[in-house]
Amino acid sequence: METVQDLVHVLADKHGRTRESLLPILQDIVEERRYLSKEVMVDVARELDISAADVFGVATFYTFLDTVERGKYVIRVCKTISCSMKGKGDVLATIEEMLKIKPGETTPDKKFSLLETNCIGWCHKAPAILINDTPYTELTPEKVTEILREYIKK
Amino acid sequence: MKNTHVKRVDLIFERTECKEVFAKVITMKPDDICQEILESGLKGRGGAGFPTGLKWRFTALEESDEKYVICNADEGEPGTFKDRQILDEVPEKVFCGMAIASRAIGARTGIVYLRGEYKFLLPKLNKALDEFHKLMKEFKHDFEVRIRLGSGAYICGEESALFESIEGKRGEPRNKPPYPTTSGLFSKPTLINNVETLDYCVMIMKYGAQHFQELGTKDSRGSKVFSVSGDTPRAGIYELELGMTVAQFVAEFGDGDTKAVQVGGASGFCVPRKRFDETIIGFEGVPTGGSMKLFNSSRSMYNVLHNYLEFFTEESCGQCTPCRVGCQQLLKGVEAVKKGEKTSKYLDELLKLSRTMKIASKCGLGQSVGNAFSSIVENFKEEIIY
Ligand SMILES: Cc1cc2nc3c(=O)[nH]c(=O)nc-3n(C[C@H](O)[C@H](O)[C@H](O)COP(=O)(O)O)c2cc1C
Ligand code: SF4
Ligand code: FES
């Protein structure tokens with residue numbers, strides 16, 4: 001398995017080593033590893049020749065740049081008004097029940113993390129969630145059960 | 001009988017031969033392009049409503065070795081989802097709008113800032129981008145567009161925060177002035193427009209300013225794409241002529257029991273039933289980036305307000321005190337009133353605070369928290385208290 005340093009190096013080659021490249025590099029690390037460890041942030045700082053504090057500062061600013069360990073599949077449940085009016089509570093309860101975790105938590109096998117998020121741009125098809133980058137809309141407890149079953153099989 | 005008819009328009013999603021439009025544009029003098037857009041009366045569709053032609057002309061007038069055209073596809077306002085649909089259905093038109101702008105202002109680089117929530121659109125956008133770059137080559141027009149992703153921060157839709165984000169920093173808004181037209185991305189003159197605005201620019205160049213100008217009203221020319229959600233049997237995306245009243249809108253989209261419409265999302269205004277008739281949706285009345293949420297009488301406006309305040313408390317970048325602390329205090333304040341820990345008089349204090357935030361906050365986020373707050377508190381006081 002490639003080491004963290006290798007990964008950072010490859011990504012810096014791909015995106016460049018200017019300050020402008022910081023976000024794309026961090027985004028790609030999250031895509032690969034699902035979160036930014038302290039170690040990886042220090043490596044990125046070294047690779048771009050900026051202070052680690054700058055990297056921490058940026059990483060902690062953006063909600064999608066997780067700095068705590070997350071599962072392979074990150075489920076983000078929209079909690080903004082349209083979704084919350086249209087049954088978000090039932091959908092969330094169903095997920096909690098199936099995976100036995102609460103928002104902010106990760107399953108012990110590190111397969112799933114459950115989070116809440118603000119409007120994801122599917123209000124007309126509320127309630128909506130994202131699993132990693134994929135949106136699922138017009139959810140019901142039945143529908144989300146079926147979707148999760150597929151992911152559990154993966 | 002009252003006229004309840006709302007006119008549908010089909011410009012934004014109309015299939016358009018971008019090659020033909022650009023062939024026409026490339027023969028025009030840059031300032032004539034700005035003039036055409038200016039004459040159409042088009043105002044920015046991202047919320048602030050600045051005349052697009054003027055913005056283009058200001059950026060064109062700047063002398064600089066480098067200028068940027070940026071498409072704001074951060075679409076984070078609760079209740080808007082039209083930019084996603086535009087990028088999904090007609091991405092080539094958005095890129096073409098950027099190319100027209102690049103010709104008008106003299107830029108070689110374009111960037112689309114796409115919210116992370118829309119990352120699933122990337123394969124499609126990259127494909128359209130390849131075609132677009134081929135087209136630019138055919139015309140020997142030196143203009144390249146790349147896509148940058150956001151990472152789940154609503155504030156990055158604010159233009160100067162967006163620049164900071166592209167520069168690899170925390171998305172914290174800058175002081176204004178200077179405005180982007182003089183000093184934007186990397187301190188270079190920068191033209192930033194919303195997805196929908198850029199699409200309309202293509203249609204204006206295709207059909208002429210007159211065609212667009214004939215739609216709408218004096219203050220709100222043309223049409224607009226609305227994102228309709230909430231208590232409505234017709235949730236979805238609709239392009240409508242500007243100038244309708246909320247009453248006309250509700251007649252078309254309501255469920256027969258609409259008690260309020262939130263126009264413009266969390267940073268917009270709540271219009272109660274008694275004001276439906278007199279309130280025009282547009283720059284002369286309630287402006288909107290397109291978010292239209294309907295609430296029927298089964299909804300608690302306290303829950304709506306609480307949800308919005310939570311949203312702002314989380315999304316405030318925290319850089320300036322009036323907004324950072326103000327959002328928290330408004331949220332805590334309405335909770336305290338609801339629980340009976342504070343008397344209803346306390347709401348007046350909170351209203352004062354929201355007015356202070358409007359004046360003292362650094363950017364549009366903190367400045368507009370008071371819109372939803374005051375319009376909901378003033379019109380639905382009982383629901384907040386009891
Ligand atoms: C907090 C905040 C969030 C914003 N979010 C967006 C957005 O997601 N999309 C957008 O086009 N404009 C957004 N804006 C407005 C932009 O700052 C800017 O005015 C707009 O992109 C200009 O384009 P236009 O003239 O075509 O409307 C936001 C403004 C503020 C204050
Ligand atoms: S008003 Fe709010 S979002 Fe804007 S700069 Fe101040 S703290 Fe940040
Ligand atoms: S409110 Fe959930 S997608 Fe917009």
Side-chain angles (χ1 to χ4, degrees), chain A residues 15-28 30-31 36 44 48 50 53-66 74 76 78-86 88 115-138, chain B residues 75-85 115-122 148-156 164-172 185-186 227-232 234-237 262 265-266 291 293 295-296 298-299 303-308 310-311 314-315 317-318:
Chain A
H15 294 292
R17 286 175 171 75
T18 55
R19 180 66 193 252
E20 199 192 341
S21 328
L22 178 57
L23 223 53
I25 291 175
L26 296 181
Q27 286 166 339
D28 278 3
V30 171
E31 163 129 8
L36 300 165
V44 171
L48 300 192
I50 55 180
D54 275 345
V55 179
F56 293 159
V58 167
T60 52
F61 185 85
Y62 296 91
T63 324
F64 283 12
L65 298 180
D66 291 299
V74 179
R76 293 176 203 271
C78 173
K79 64 174 162 112
T80 308
I81 191 71
S82 286
C83 289
S84 104
M85 282 163 53
K86 302 274 164 171
K88 165 252 176 188
L115 299 168
E116 289 184 281
T117 194
N118 285 321
C119 182
I120 57 173
W122 290 95
C123 330
H124 58 321
K125 298 191 169 170
I129 64 170
L130 282 174
I131 303 183
N132 290 351
D133 300 328
T134 312
Y136 295 91
T137 61
E138 291 174 298
Chain B
E75 192 165 59
E77 190 63 53
T80 37
F81 36 86
K82 45 114 189 156
D83 291 342
R84 171 179 51 71
Q85 193 70 17
R115 70 185 307 213
E117 289 83 342
Y118 294 169
K119 192 172 168 191
F120 70 96
L121 286 174
L122 267 189
R148 281 289 300 250
L149 278 170
S151 260
Y154 165 69
I155 191 58
C156 288
E164 291 285 307
S165 180
I166 294 178
E167 291 178 15
K169 302 180 203 148
R170 293 163 67 88
E172 290 172 346
L185 183 63
F186 298 113
S227 308
V228 182
S229 70
D231 294 313
T232 164
R234 276 179 283 283
I237 293 160
Q262 180 76 17
S291 172
K293 284 205 197 234
F295 300 108
N296 69 21
S298 76
R299 304 296 171 188
N303 288 348
V304 174
L305 179 62
H306 192 269
N307 192 281
Y308 287 157
E310 271 184 343
F311 172 81
E314 285 172 18
E315 299 294 345
C317 84

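Residue numbering restarts at 1 for every chain, and letters A, B, ... go by the order of the sequence lines. These numbers come from the heavy atoms of this one structure, side chains and all, not from hydrogens, waters or symmetry mates.
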Do the side chain of [X] and the main chain of [Y] share a donor and acceptor less than 3.5 angstrom apart?
| X | Y | result |
| --- | --- | --- |
| B/E75 | A/G121 | no |
| B/E310 | A/T80 | no |
| B/S151 | A/L65 | no |
| A/K86 | B/G230 | yes |

| message | Under a 4.5 Å cutoff for heavy-atom pairs, which residue among A/N132, A/I50, A/N118 has the most contacts with chain B? | response |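 Winner by heavy-atom pair count: A/N118.
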| Residue A/S82 versus chain B: region with a heavy atom under 4.5 Å |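 Answer is both: backbone and side chain atoms of A/S82 are under 4.5 Å from chain B.
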Nearest 0.5 Å please: distance from the [atom1] atom of [X] over to the [atom2] atom of [Y].
| X | Y | atom1 | atom2 | result |
| --- | --- | --- | --- | --- |
| A/L22 | B/E167 | CG | CD | 12.5 Å |
| B/F81 | A/T137 | CZ | OG1 | 11.5 Å |
| B/I155 | A/F61 | CD1 | CZ | 7.0 Å |
| A/C119 | B/E315 | SG | CD | 10.5 Å |
| B/E314 | A/K79 | CD | NZ | 3.0 Å |
| A/L23 | B/K169 | CG | NZ | 12.5 Å |

| Top contributor to chain A contacts, counting heavy-atom pairs under 4.5 Å, from B/N303, B/D231, B/I237 |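 So the answer, after comparing B/N303, B/D231, B/I237, is B/D231.
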| task | Mind ranking B/P78, B/G152, B/S165 by heavy-atom pairs under 4.5 Å with chain A and telling me who comes out on top? | result |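 Of the candidates given, the most pairs with chain A belong to B/G152.
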| Non-hydrogen atoms of chain A under 4.5 Å away: do they reach the side chain of B/F186, the backbone, both or neither? |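 Only the side chain of B/F186 comes within 4.5 Å of chain A.
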| query | Given a strict heavy-atom distance threshold of 4.5 Å, which part of B/R148 is in contact with chain A: side chain, backbone, both, or neither? | reply |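 Looking at B/R148, just its side chain touches chain A.
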Which atom of [X] lies closest to which atom of [Y], heavy atoms considered:
| X | Y | value |
| --- | --- | --- |
| A/F64 | B/G116 | CE2-C, 4.0 Å |
| B/N307 | A/I81 | OD1-N, 3.1 Å |
| A/H124 | B/V228 | CB-O, 3.8 Å |
| B/G171 | A/Y62 | N-OH, 3.3 Å |
| A/I120 | B/R115 | C-NH1, 3.4 Å |

